[in-house]
Amino acid sequence: MADATPVLRTRGMTRVLPGEVPVTLVEDISLSIRQGEFAVIMGPSGSGKSSLLYLLGLLDRPTSGQLWLDGEDTSGFDEDRLASIRLEKLGFVFQFHFLLAEFSAMDNVMLPMRKLGRLTEAQQRDRAHGLLADLGLDGHQHKRPGQMSGGQRQRVAIARALANDPLVILADEPTGALDTKSSIVVREILHDLAHRQNRTIIAVTHDPDFASAADRQIHIVDGRLTDNDAWRAEH
Amino acid sequence: MVSVHTQIALSHLTSRTRQTLVSLMGIVLGVAFFLAVSSLMRGSEQDFLDRLVNNQPHVTVSDEFRQAPVQPAERRFPGGAVEIRSVKPKTEVRGIRQYKSKLSQVDSIAGIQVAPVLAGQAIITFAGRDVGVTLSGVVPARMKGVSSIEKDITKGSLDDLDANPNGVIIGEGLAERYRISMGDNLLLASPKGQVRTLKVVGMFRTGNQAYDESQTFAALKRVQALMDRPNIANSFILRADDPYRARAIAAEIERRIGYKAVSWQEASEDIMSLLLVRNIIMYSVVLAILVVASFGIYNVISTVVLEKTRDIAILKSMGFHARDIRRIFVIEGAVVGAIGSLLGVLLGMFIMWVLVQIPIKPPGVAEVVKLPLYWGVDQFVLAIAFAMGSAVGAAWLPARKGGRVQPVDILRGAA
């Protein structure tokens, strides 16, 4: 189902936090993600999973190494350029929903569309309404985050990530803060997005059930990618 | 639909209603006090200037020149090393010579009225007493247009000088001191030795005691004869339709006839600079109120920035630029500034309205007066401009900080 073109590719990507004692978050990461691939990043806590995800999501810039998104070398792009790329091509789902508390579900989902400004206001409304309905939130469109359950909020966050029809969805422990029932729902949704809608998803997770449905598991230990077998042998 | 920035900005302000209201009150009170104080100060200044302008000629042309005449040697060798010492001016007849042609030259300037005056010293002899007075020869018809003396005449009128060429008008102060009454004959002697008997045909009271005791008026022709200076006036006094053009008019007169012309502004330079200093003090104080008020805005927006760091991080991760974030918070300052200005102007106008109602009785004055208030648009513009400026400025600092938030720093902390 995943075609062969890499949508995201890195070469020798290293990120060091400067300071009196510099901390290496990830080191020498070279990988490529194909269009339509569902990849999970796994590893023990503190291994640099999230740091890698932030780098892949252009939220952070590597100290050295390169990253191509959609065939474009992003190294050397300034903050504004990276922000524009995130707006058009990437969607994020975090462990915590991070919705604007004063905005309704609809307004939250419409935020990225309004910033991008490609659709008319009516089209934006229709799309936001549809996205929320697809995620089982019909009838909740005008509720505020405070009036919804954790699982519902996370679904609003997923709808928001899908708002501008991104090339890649990046999820950071999307089920990490949810109860079992909600996390099953969110997991199903992401699996569905990956397998039925053929979306490219990169997710950081601890959850083996979540990971088992992925096309590919990327393991990271101490900031370095490990060969899958080698990693299994160690643990 | 409002822009996404405005919608977020408004949601921040409404989520902290109480703090927003407090900072709003700061701007409202600042603008209102600004307007109340400024309208009072500018109003009293205007009132004062009106009095100043009304009680003196707008331009006085005298029989002098701004510069001493150039000596022939200097004219022959301009710029040369010529030094002339002990120049002894020759005796000449003082005054504006051929005043009638000069007068018509001045008269042709639009928007002014001009009157020739020949003033000099005279001695009144009455009931065995000699009193030195200033005797001004005037043309009543012209004098009425340029001076408020007509208004101050309590007995008789200026026109009586035309009717009776031997008439004189004196101040009530002089009359009371020497028990002179209307119709009395006064003996006037000039320094040239001429003596005339003039009849009191009018009296005036200006309220300025020294003036009322020492000023007298007679017909110009009569005074010219008395002073032995036929066809000469020693000053022109002018009134302009727009008193604030006096400087330009004075310059124009100097250019046309050469004699020194002094505008009321030049004559009252000390008072003008005093008023300027007063305005500077007043505006520094009222603007300081607005500066203090802007700290309230700084405070509330800083708090919002701190509180909404997570929102900022998520907006930036979603693709909002630093300038979008800055714009959100600057809009917040601008909204508080705009609403505060609007309410402040309304409150300020109410305070001004109340101030106008207050009756005031200055000591020693019988009539009740109202506070003079200035309603000019410029002070409203200034108040709003400064309120908006300080509100946006106060928002800018936290806005810049908000724009610098790095989403990764916040996400790392939250995860």
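Chain identifiers are assigned alphabetically (A, B, ...) following the order of the sequence lines, protein sequences preceding nucleic acid strands; residue numbering begins at 1 within each chain.
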Query raised in the report: What do you reckon, is NZ of K143(A) surrounded by more than 12 foreign heavy atoms closer than 6.0 Å?
Result: yes

Report summary line: Here the gap from I314(B) atom CD1 to L99(A) atom CG, rounded to the nearest 0.5 Å, amounts to 8.0 Å

Report task. Taking atom CG of N279(B) as the centre, report whether more than 12 heavy atoms of other residues, nucleotides or ligands fall under 6.0 Å from it. Result -> yes

Query raised in the report: Most heavy-atom pairs under 4.5 angstrom with chain B, which of A163(A), P112(A), A161(A), A101(A)?
Result: P112(A)

**Report entry** Which portion of L25(A) sits near chain B, non-hydrogen atoms under 4.5 angstrom
**Finding:** side chain

Query - Nearest heavy atoms of P407(B) and L59(A), plus distance in Å - result: CG-CD2, 4.1 Å

Report task. State the NE2-CZ distance between H321(B) and R81(A), to the nearest 0.5 angstrom. Result -> 10.5 Å

Query raised in the report: CG of L100(A) to CG of L315(B): how many Å apart, nearest 0.5 Å?
Result: 5.5 Å

**Report entry** Under 4.5 Å from a heavy atom of chain B, the part of L55(A) involved
**Finding:** neither

Report task. Check step by step if side-chain contact (heavy atoms from CB on, under 4.5 Å) holds for F92(A) and M318(B). Result -> CA-CA 7 Å; F92(A) 292 92; M318(B) 205 183 277; over 6 Å; no

Requested in this report: To the nearest 0.5 Å, tell me how far S317(B) OG sits from F94(A) CZ.
Outcome: 4.0 Å

Query - Residues R404(B), E79(A): salt bridge by 4.0 Å N-O rule - result: no

Query raised in the report: Which of these, Q7(B), H12(B), K308(B), sits in a side-chain hydrogen bond (donor to acceptor under 3.5 Å, both in side chains) with E102(A)?
Result: K308(B)

Query raised in the report: Can you tell me how far CG of D311(B) sits from CZ of F98(A), rounded to the nearest 0.5 angstrom?
Result: 9.0 Å

Report summary line: Heavy atoms of R323(B) and D80(A) approach each other most closely as NH1-OD2, 3.1 Å

Query raised in the report: Within a radius of less than 6.0 Å around CZ of F33(B), do more than 12 heavy atoms belonging to other residues, nucleotides or ligands occur?
Result: no

Query raised in the report: What's the shortest heavy-atom distance between G319(B) and K115(A), and which atoms?
Result: O-CE, 4.0 Å

Report task. Give a yes or no on whether the backbone of K316(B) and the side-chain of R86(A) come within a donor-acceptor separation of less than 3.5 Å. Result -> yes

Requested in this report: Answer yes or no: are there more than 12 heavy-atom neighbours, outside M349(B) itself, under 6.0 Å from its atom CE?
Outcome: no

Query raised in the report: Should we say atom OH of Y244(B) is surrounded by more than 12 heavy atoms from elsewhere, each under 6.0 Å from it?
Result: yes

